[in-house]
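Everything below concerns the one structure shown next.
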Amino acid sequence: MSAAVIRATGLWTPPQSISNEALVASYNAYVERWNAGNADRIAAGEVEAKLPSSVEFIEKASGIKARYAIDPDGILDAGRLRPRVAPRPDEELCLMAEAGVNAAKDALDSAGLSGADVDGVICSATSMQRTYPCIAIEIQDAIGAQGFGFDMSVACSSATFALQNAVSLIAAGQAQRILVVTPEITTPQLNYTDRDSHFIFGDVAVAAIIEREGLSPGGWRILSVRAKTQYANTIRSNQGFLNRCEEPARDEDEMLFVQQGRRVFKEVCPWVSDLILAHMADIGLSPADMKRLWLHQANINMNRVVASRVFGRDFADHEAPTILDEYANTAGAGAMVCFHKHSDGFQPGEKGLICSFGAGYSAGSVFIERRAA
Ligand code: CO8
């Protein structure tokens, strides 16, 4: 069995961002218009008036202050409330592959490698722009990688489960160096007329180069990985090919992201903390061995609960950093984006944990240790 190392990571951030203030103004303009258009039905008690959203609620309930988006104009247009995406000819790189390639090139540059040094590409994200050919194969072609590529998806655990796949493929001798790419173009999946969730997601792409230990110095030794799932209907999207054949046809809202946020919070926090502590104990580590936790980035209050249960004490922000204020929830990419941005200050031998949790439910824990440069 070959051990594996995170050699480098890379990031692509869309150039434009939407503040809570701008998002709430657009949502509230939609609500005003909707309430005016339905005044008779509201007065007759047939429907309830929609309530406005609030910047204060969003920040307090989630820690989110802004989110990057592929097209803020389309999202903020109160008569449209969804990003505009220009169709591209089949010969051009698709939007999702382009985001992935940008993150992949950042990771390759940081490692001083080229695409030809990679012999496997996994594209893992909450949803794929198309079903086939695989986005991973398109990325493989665009960067000139060798070997194979495949797509996979495990909602918020997309990056960590893909990383675990890369470790297994390296251990089995099927590849020496695998590029794991998580392009999360989440803003088209959101229902911007839903007050409970219109603020949650943002767009980003993150990439990680996982290689067989011994190929180069530095990076992070992957000490142990664990994946866990447990079926739950509390976070769901019904988007899929069968929809167009259903009679009667579904409402479009049902194909977008829906969740029971409060229930998710209550069920996932203890579930994931227990999983982390059990995994840690099984590999002979203790909370005192953890310098930093790079947790899934869905909600700052959730992260505070999970981190305090794992550390068993109060902790400083730098011990469980967040990117929610700038990026919002970036689904499967969040924990890896957090790792990419906040992995400085480690001495060789110091350890940390990358851990995702989300829809499925799914959780992926990855214990790592800094290697000497
Ligand atoms: N503005 C003002 N008030 C609001 C708003 C708003 N926008 N929304 C709700 N309120 C009100 C409610 O009406 C309620 O009022 P009242 O008390 O009078 O009934 C009050 O605020 C409190 O509402 P909640 O109890 O719902 O608020 P919470 O404190 O629970 O916060 C959250 C809501 C932020 C959603 C929180 O529950 C949360 O973050 N939960 C966890 C969510 C989570 O982690 N989900 C994971 C999903 S991500 C994932 O797994 C990937 C899935 C696939 C990705 C798809 C990409 C698009």
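Quick note: numbers below take in every heavy atom, side chains included, and nothing from hydrogens, waters or symmetry partners. Both counts, for ligands and for their atoms, begin at 1 and track the order of listing.
- The closest heavy-atom contact to atom 23 (O) of ligand 1, among the options Phe357, Phe57, Tyr27, comes from Phe57.
- Here the protein heavy atom with the shortest distance to atom 47 (C) of ligand 1 is Gln259 OE1, 3.6 Å.
- Side-chain contact annotation: Ser127 with Gln239, donor-acceptor N/O pair under 3.5 Å absent.
- Note on ring orientation: taking the six-membered ring where Trp is involved, the planes of Trp271 and Tyr361 are tilted (angle from 30° to 60°).
- In this structure, His296 has its ring center closer than 6.0 angstrom to the ring center of Phe357.
- With ligand atoms numbered from 1 in the order given, ligand 1 contributes 31 (O), 34 (C) to contacts under 4.0 Å with heavy atoms of Ala61.
- Near Thr126, with a cut-off below 4.0 Å to any heavy atom, the atoms of ligand 1 are 53 (C), 54 (C), 55 (C).
- The only member of Val272, Leu293, Val306, Leu275 that meets side-chain contact (heavy atoms from CB on, under 4.5 Å) when paired with Cys355 is Val272.
- Ligand 1 places these atoms under 4.0 Å from at least one heavy atom of Ile235: 46 (C), 47 (C), 50 (O), 52 (C).
- Protein heavy atoms are found inside the 4.0 Å sphere centred on atom 21 (O) of ligand 1.
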Please determine whether salt bridge (Lys or Arg N to Asp or Glu O under 4.0 Å) holds for the pair Glu98 and Arg88, giving the CA-CA distance in whole Å, both sets of side-chain angles, and the decisive distance to 0.1 Å. CA-CA 12 Å; Glu98 183 180 86; Arg88 297 183 183 190; 3.2 Å; yes
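- Near Gly261, meaning under 4.0 Å from any of its heavy atoms, are these atoms of ligand 1: 37 (O), 40 (N), 41 (C).
- For Asp317, the CG atom is loosely surrounded, since the number of other residues' heavy atoms within 6.0 Å does not exceed 12.
- Side-chain contact check for Ser216 and Arg7: at least one donor-acceptor pair (N or O, by modelled atom type) lies under 3.5 Å.
- For atom 13 (O) of ligand 1, a protein heavy-atom neighbour is found at a distance under 4.0 Å.
- Asp344 has a carboxylate O that lies under 4.0 Å from a charged side-chain N of Arg292, or vice versa, which qualifies the two as a salt bridge.
- Ligand 1 places these atoms under 4.0 Å from at least one heavy atom of Ala359: 49 (C), 50 (O), 52 (C).
- Numbered from 1 in the order shown, with element, the atoms of ligand 1 that lie under 4.0 Å from a heavy atom of Asp196 read 8 (N), 9 (C).
- Counting atoms of ligand 1 from 1 in the listed order, those under 4.0 Å from a heavy atom of Thr186 are 56 (C), 57 (C).
- Counting protein heavy atoms under 4.0 angstrom from atom 26 (O) of ligand 1 gives zero.
- In this comparison of Arg263, Arg195, His296, Arg262, the heavy atom closest to atom 24 (P) of ligand 1 sits on Arg262.
- Under a 4.0 angstrom heavy-atom cut-off, Val264 registers as being in contact with ligand 1.
- When hydrogens are left out, the protein atom nearest atom 44 (O) of ligand 1 is Ala298 CB, 3.2 Å; that is the closest non-hydrogen contact.
- Closest heavy-atom approach to atom 48 (S) of ligand 1 within the set Ser53, Gly358, Ser157, Cys156: this belongs to Cys156.
- The distance between the ring centers of Phe257 and Phe201 falls below 6.0 angstrom.
- Side-chain atoms of Thr13 and Tyr327 include a donor-acceptor pair closer than 3.5 Å.
- The protein heavy-atom contact nearest to atom 34 (C) of ligand 1 is Asn299 ND2, 3.6 Å.
- Within a 4.0 Å radius of atom 18 (O) of ligand 1, the protein has no heavy atom.
- The closest donor-acceptor contact from the side chain of Asn301 to the backbone of Lys60 lies under 3.5 Å.
- Relative to the six-membered ring of Trp220, Arg370 meets both conditions, a distance below 6.0 Å and an angle of at most 45° to the axis.
- Nearest to atom 1 (N) of ligand 1 among the protein's heavy atoms is Ser54 N, 3.1 Å.
- In terms of protein heavy-atom proximity, atom 55 (C) of ligand 1 is nearest to Gln189 OE1, 3.4 Å.
- Residue contacts with ligand 1, taken as heavy atom pairs separated by less than 4.0 Å, do not involve Asn301 at all.
- At least one donor-acceptor pair under 3.5 Å links the side chain of Asn28 to the backbone N or O of Ser53.
- Heavy-atom proximity to Met302, at under 4.0 Å, picks out these atoms of ligand 1: 41 (C), 44 (O).
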